[in-house]
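Chain letters run A, B, ... following the sequence lines, proteins first, then strands; residues in each count from 1.
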Number of protein chains: 2
Amino acid sequence: MESKDVEPNLYDRNCGSRQVLDRIGDRWSVLVVLTLADGVKRYSELAQRIDGVSQKMLTQTLRGLERDGLVSRTVHATVPPRVDYALTDLGRTLLPLLSSLQAWATGHLAEVEAARTQYDTRP
Amino acid sequence: MESKDVEPNLYDRNCGSRQVLDRIGDRWSVLVVLTLADGVKRYSELAQRIDGVSQKMLTQTLRGLERDGLVSRTVHATVPPRVDYALTDLGRTLLPLLSSLQAWATGHLAEVEAARTQYDTRP
DNA sequence: CGGGATCCCGTAGGATACTG
DNA sequence: CAGTATCCTACGGGATCCCG
């Protein structure tokens with residue numbers, strides 16, 4: 001099969017789908033999107049909620065998500081300034097997947113940790 | 001079900017669930033697991049299939065997945081040596097999620113790229 | 001063939017200070 | 001408050017050599 005309908009190959013480093021996957025796979029992106037799951041959040045709320053993220057990384061992550069059309073950014077011309085972030089429709093389509101991921105992570109945490117200790121304590 | 005249910009907080013950097021998520025979110029881990037979806041693979045097969053991965057990263061990724069109990073590693077004492085990698089039962093439970101992720105990436109690729117160009121070409 | 005060990009570089013990413 | 005700008009370090013990750 002070699003039509004122009006290239007059937008996106010995730011394993012090809014030049015394929016766009018891989019870049020999309022990279023974004024999804026990003027540490028902070030996942031956490032940001034999940035945080036925005038329950039509605040609009042301000043910059044400071046995000047920073048507060050997501051433990052360990054530096055403002056540089058948070059800003060960078062938000063820009064990336066905004067660029068990819070997953071998150072919308074709304075600036076209110078007030079004093080003090082206020083910026084709201086929310087999921088776009090596209091971003092919302094990603095939500096079920098990330099929730100599943102979250103569920104898997106918490107649900108299988110015990111097994112993973114067990115595997116780790118077993119791996120670490122062996123000949 | 002027990003009283004110890006601290007309800008794993010993904011947003012706490014010290015919570016194990018976040019480390020699990022980090023592993024899943026890893027660039028190469030996802031691709032390796034997906035590659036192993038259709039059965040046992042040798043080291044060289046993986047290296048060949050996954051474009052752009054260095055052997056160092058491949059080895060490192062495989063070790064990580066093995067440690068977390070997602071992938072099994074079988075060494076055959078032959079000459080030349082032969083090492084087989086396969087998903088464990090635990091690893092297989094992750095498969096549907098990653099497939100969904102893959103589907104999302106390819107399915108929404110166009111929208112994401114559109115959003116990008118729009119973002120890049122604006123005041 | 002499947003990696004372990006080294007060397008080395010680029011950059012991701014943290015801390016801090018400054019601005020609109 | 002919500003960033004940008006700067007500096008600086010750690011580490012991701014590539015290339016190379018070598019061994020079981």
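Here the P atom of nucleotide D:dG3 and the CE atom of A:Met57 are 14 Å apart, to the nearest Å. Per the geometry, NZ belonging to B:Lys56 stands 12 Å off P belonging to C:dC7, to the nearest Å. Whole-Å rounding puts the A:Glu66 CD to D:dA2 P distance at 15 Å. A straight line from CG of B:Asp26 to C1' of C:dA12 spans 14 Å, rounded to a whole angstrom. Distance, A:Arg82 CZ to D:dG3 P: 12 Å, rounded to whole Å. Summarising the geometry, the separation between CD on A:Glu45 and C1' on D:dG3 is reported as 16 Å, rounded to the nearest angstrom. Distance CH2 (A:Trp28) to C1' (C:dG13): 10 Å, rounded to an integer number of Å. For the pair B:Lys41 NZ and C:dG2 P, the interatomic distance rounds to 14 Å; values are reported in whole Å.
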Working note: A:Arg116 + B:Asp68, criterion salt bridge (Lys or Arg N to Asp or Glu O under 4.0 Å); need CA distance, chi angles, decisive distance, verdict.
CA-CA 5 Å; A:Arg116 279 183 186 167; B:Asp68 285 4; 2.6 Å; yes
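Taking 4.0 angstrom as the limit, A:Arg73 places a side-chain polar atom (N or O) nearer than this to OP1 or OP2 of D:dG3. Within the 4.0 Å cut-off from OP1 or OP2 of D:dA2, at least one side-chain nitrogen or oxygen of A:Arg42 is found. In this model, the phosphate group of C:dG2 is approached by a side-chain N or O of B:Ser44 to a distance below 4.0 Å at OP1 or OP2. An OP1 or OP2 oxygen of C:dG4 is reached within less than 4.0 angstrom by no side-chain nitrogen or oxygen of B:Tyr43.
Salt bridge B:Asp51/A:Arg18: absent, no basic N to carboxylate O contact under 4.0 Å. Ion pairing of B:Arg23 with B:Asp26 is absent here, as no side-chain N (NZ or NE/NH1/NH2) approaches a carboxylate O to less than 4.0 Å.
Looking at A:Arg73 and A:Tyr85, their side chains do bring a donor and an acceptor atom within 3.5 Å of each other.
For B:Thr59, the listed nucleotide lying nearest its side chain is C:dG4; candidates were C:dG4, C:dG2, D:dG14. Nearest nucleotide to the side chain of B:Arg63, out of D:dC1, C:dG3, C:dG2: C:dG3. Listed nucleotides C:dG14, C:dC1, C:dG20 differ in distance to B:Pro80; the shortest reach to its side chain belongs to C:dC1.
When the salt bridge (Lys or Arg N to Asp or Glu O under 4.0 Å) test is applied to A:Asp12, no partner is found at least two apart in sequence or on another chain.
Nearest-nucleotide assignment on DNA chain D puts the 5′-proximal partner with B:Gln60, out of B:Gln60 and B:Gln55.
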